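Here the structure comes first, spelled out in C-alpha cells, and everything after it is commentary.
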Amino acid sequence: MKANNKLFFFVCLFTMFSCELAWAQLTIGNGLHVLEISGTASVFFNHRFMKPAFANDSKQKNRFELRDAQIQLEGRLGKNFEYELQCDFADLFSSNNDPENPGLMDAYFMYKLPIPLNITAGYTKVPYGRANMVPFIYSPYFQRAELVRGNFFSRRDAGISLSSSVWKDRINVWLGMYSGMGELVLKGNNDRFGRFEYIGRIDVSYPVKNRWTDIDVHHLPLPTATVGFNARYADKGFTFTDGDGYNQKVVDGRKITYGGDISFKYRGFSVQAEIHQSNIRPNDTLRLEGFRTSYFRSGGYYIQASYYERHIRSVFSIRFDELNISDLIGGYGRRITAGYVFLLRGWNTALRINYTHVLNDEEYAHPSVDEVIKWRGQIRAGVQYLFR
C-alpha cells in the first residue's frame, strides 16, 4: 500500500471513530433531496487449529483483522429517485479480492415508477439467494457458508434489473441482466463473446412481509415464513482463474444455476436453509475429468438455526453447510459453525464469537477451499459498531 493511501485510510478511520455523534444516521436535505450518511466498523481476532503438516504456518494461525471500515451514502431525490454508494476502506486498499467483503459494495440508482415496478441500474448485489440479500451486520457469523460466499456464483455485478412487490410486499419478484463477470467487472474484464448473465428471483412471505434479517429479535407472536426460488443463466467465453483454474464464478461455457431458500421465525426462534446447484457445460473438456459426458454438476446447501434470548440480549446459533465442487470428483466439503452474539446496543454494537470445525475437506484443490486444507478448526471473536 502506498504511503498516501495509508494516510487516507487512517484519516477515514479516525474520522469515523472520533465523530460518533455526527455518524448517528446523519441526514442532510433541502426538502427535495435527502442524503443519509452512516458507517460500519468491525474487527476480529482469528485463531486456527492447524493440521500437523502446517503447524508452523504463522500467517494463517493467529491474526487480528479489520473486517469492515465502511461508509454508506443513501439518497432520495423526490419520490421517484433513490441511489446508494457504499464502500469498505478495509478492502478498498487491500490486495485481497474477497467477493464476500469487497472494497466497492454498492454504486447504483433506482427509479420508482408510478406502478409497483422499480428499475435499478449500476453495481450492486444480484437478486440471487437469501443469504446474498441479508446484510452482514444482521448475521450471527463473521463469514457466510462456503456455498454462498461468492466463489461459486457472483454476489455482485453491474447491470440493470426490474423489481416489483405486491400483496403488501409479501410477494417480491426480480429480473435482471448483468455483465456476467461478477466482481471482476470492476477490473474491466469481459468475455470474448460479450454475452450477459440473466438472473431471476421470486419470494413469498406470510403472514407479513419479509425482512432481510436472520434473527427474530422481536419475538414475533405469529409464525412467519418466507420461501424463495432463484435461477441464473450465463454462456460466457472466459474462465476466472486464481491459482488452479477451477473457480466457477465465471466459466468458459454454459452455466445454469438454480436453487431455493426458506426462512422461518417465531418467538425468538429462527431457521434458514438454502440449496443451490449449477449445471455446467464447459468449452474446455479437461474440466470433465476424462468422463464421457458434456457437463458436470456443482452445488450444496446449508441450514442454520438460531434463538434470541432477549432477557440477556444474546443470540445462539448453529450452522451446517456442505459443498461439492464437481460431481465428477469425489469428496464433499462439510463444515459446522457455532455462533454467539451479544447485542450490547442492538446490532449497532454487537460482540460475536464463532467456532468453525471442518468435518470434511473437498478433495480437489480450489481457491475457495485452499485454506481448508491447512486447518481443522478456527475461533473468531470480535466486535462490530454501526454509526447510524
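Remember, predicted model here, so these are calculated numbers, not experimental data. If you read the sequence from its start, that first residue is 1, and numbering goes on from there.
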In one Ile/Leu/Val/Met/Phe/Trp/Tyr side-chain cluster, 4.5 Å: [X], [Y]:
X      : Y      : answer
Leu184 : Tyr123 : yes
Met177 : Val173 : no
Ile379 : Leu351 : no
Val166 : Val204 : yes

Aromatic ring pairing Tyr355/His357, orientation class (parallel under 30°, perpendicular over 60°, tilted between):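 It falls in the parallel class, under 30°.
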Using the six-membered ring wherever Trp is involved, compare the ring planes of Phe196 and Tyr198 and label them parallel, tilted or perpendicular (cut-offs 30° and 60°).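 It falls in the perpendicular class, over 60°.
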So, [X] and [Y], do they make that salt bridge, N to O below 4.0 Å?
X      : Y      : answer
Arg130 : Glu274 : no
Arg195 : Asp235 : yes
Asp261 : Arg201 : yes
Arg334 : Asp361 : no
Lys236 : Glu197 : no
Arg67  : Glu65  : no
Arg76  : Glu82  : no
Glu146 : Arg335 : yes

[X] side, atom [atom1]; [Y] side, atom [atom2] - distance, nearest 0.5 Å:
X      : Y      : atom1 : atom2 : answer
Asp106 : Asp88  : CG    : CG    : 11.5 Å
Asn348 : Ile137 : CG    : CD1   : 8.0 Å
Ile256 : Ser278 : CD1   : OG    : 9.5 Å

Is any side-chain heavy atom of Pro221 less than 4.5 Å from a side-chain heavy atom of His219?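 No. Closest side-chain heavy atoms not under 4.5 Å.
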Output side-chain donor-acceptor pairs under 3.5 Å for residues 290-298, partner residues at least two apart or in another chain, one line each.
| from | atom 1 | to | atom 2 | distance (Å) |
| --- | --- | --- | --- | --- |
| Thr293 | OG1 | Tyr295 | N | 3.4 |
| Thr293 | OG1 | Tyr295 | O | 3.2 |
| Ser294 | OG | Arg281 | NH1 | 2.5 |
| Tyr295 | OH | Arg297 | NH2 | 3.3 |
| Ser298 | OG | Gln248 | NE2 | 2.9 |
| Ser298 | OG | Asn324 | O | 3.3 |
| Ser298 | OG | Ile325 | O | 2.9 |

Is the [X] to [Y] ring centre distance short of 6.0 Å?
X      : Y      : value
Tyr340 : Phe316 : yes
Tyr128 : His276 : yes
Phe109 : Tyr111 : no
His33  : Tyr83  : yes

Indicate whether any N or O donor in one side chain lies under 3.5 Å from an N or O acceptor in the other, for [X] and [Y].
X      : Y      : answer
Ser139 : Arg319 : no
Glu84  : Gln72  : yes
Tyr141 : Ser317 : yes
Thr226 : Lys209 : no

Taking Tyr332's backbone N and O only, do any of them form a donor-acceptor pair with Asn360's side chain (distance below 3.5 Å, no angle check)?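 No, because the side chain of Asn360 does not come within donor-acceptor range (under 3.5 Å) of the backbone of Tyr332.
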